[in-house]
Amino acid sequence: MADRYSLTCYDLVVQFPHASRPALDGVSLVMSPESVNVIVGASGSGKSTLLMCLAGLEAPTKGRVVHGDVDVYRLDDRQRAAWRLRTIGLVFQNSELVPELTLRDNIALPLELLGTGRRDALKRADHLAEILDLGESSKRRPSEVSGGQAQRAAVGRALAHRPAVVLADEPTGALDTTNRHAVIGLLDDLVRAEGSTLVMVTHDEHTLPKNARIIRLADGQIMGDAA
Ligand SMILES: Nc1ncnc2c1ncn2[C@@H]1O[C@H](COP(=O)(O)OP(=O)(O)OP(=O)(O)O)[C@@H](O)[C@H]1O
Ligand SMILES: [Mg+2]
């Protein structure tokens, strides 16, 4: 498992133009490999902004994001895109799968983008589809499967290339209780098996991964941090 380094941010500040106060206001965190980090906080507290900064998708006004020896926002756009593709797996609230592709092909996609041959990419996709209990739905397109199946496929796609860091923004926000537990359990098992770092935003403090560290945000600042 290459690339298993701590993901660190130092004094992150994000000030959006015309906003009266910063969305992030001095956030520093160290998240180690194999750690499960959950970010909670009221709407507007900066959770998604923090996740996007960690993903290399939102350049902070101030501060740094560092993974191993990579200072993410010192990279130029092309280098950062390449780093992101290799290092980060993203899961959103609504699976955001490619509508034209089957679930299986969606899961294989990041691997193919990284240059893995189609055969091997599909082999890995089928393996994940089995773990994710997708059954026959794996051969169907997102519009032809349930929300829970689509979201499990989104988890598969995020993890297919064994990213060092998995970032999930309310991954169970659109699911019922049974599917919520299934998706959290799978995410948790898979990141632990791969030694990845998981950072997950949630509103649902009833469905948390085991032994999660809970980071509480309020008004762009860390208000609590407990294992
Ligand atoms: N692109 C943007 N331009 C201006 N302001 C923004 C932008 N994105 C977010 N904000 C503001 O930054 C603050 C933090 O937003 P963020 O989306 O990070 O909150 P959140 O904690 O994820 O909320 P929610 O739980 O509703 O998803 C909010 O006040 C929001 O209005
Ligand atoms: Mg959000």
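Heavy atoms only: backbone and side chains are in, while hydrogens, waters and symmetry mates are out. In what follows, residues are counted from 1 in the order of the sequence shown. Ligands are counted one by one from 1 in listed order, and the atoms in each one are counted from 1 as well.
- At a 4.0 Å heavy-atom cut-off, ligand 1 touches A42 through the backbone alone.
- Side chains of T202 and D204: a donor-acceptor N/O pair is absent below 3.5 angstrom, by distance only.
- For atom 31 (O) of ligand 1, no protein heavy-atom neighbour is found at a distance under 4.0 Å.
- Here the shortest heavy-atom distance to atom 24 (P) of ligand 1, taken over S43, A19, P22, belongs to S43.
- By the criterion of a heavy-atom distance under 4.0 Å, the side chain of H203, and not its backbone, is placed next to ligand 1.
- Counting only N and O atoms by type, the side chains of S48 and D169 include a donor and acceptor under 3.5 Å apart.
- Looking only at protein heavy atoms, the nearest one to atom 25 (O) of ligand 1 is K47 NZ, 2.7 Å.
- A salt bridge does not link D25 with K62: none of the charged nitrogens is closer than 4.0 Å to a carboxylate oxygen.
- Atoms of ligand 1 lying under 4.0 Å from at least one heavy atom of S45, given by number and element, are 19 (O), 21 (O).
- For the pair R80 and D77, the salt-bridge criterion is met [side-chain N within less than 4.0 Å of a carboxylate O].
- A salt bridge does not link E144 with K139: every distance from a Lys NZ or Arg NE/NH1/NH2 to an Asp or Glu carboxylate oxygen is 4.0 Å or more.
- Under a 4.0 Å N-O distance rule, the pair D188/R192 qualifies as a salt bridge.
- Contact between D11 and S28 at its shortest, heavy atoms only, is N-OG, 2.8 Å.
- In this structure, atom 5 (N) of ligand 1 lies nearest to the protein heavy atom F16 CD1, 3.3 Å.
- At least one N, O or S atom of S48, from either the backbone or the side chain, sits less than 2.8 Å from the Mg ion (ligand 2).
- Proximity of R162 to R124: side-chain heavy atoms (C-beta onward) are separated by under 4.5 Å at one or more points.
- Taking a cut-off of under 4.0 Å to the non-hydrogen atoms of A23, the atoms of ligand 1 that pass are 12 (O), 13 (C), 14 (C).
- Comparing V201, L51, T49 against atom 16 (P) of ligand 1, the shortest heavy-atom distance belongs to T49.
- For atom 14 (C) of ligand 1, a protein heavy-atom neighbour is found at a distance under 4.0 Å.
- For atom 23 (O) of ligand 1, the candidate residues are G44, S48, G173; the nearest heavy-atom contact is made by G44.
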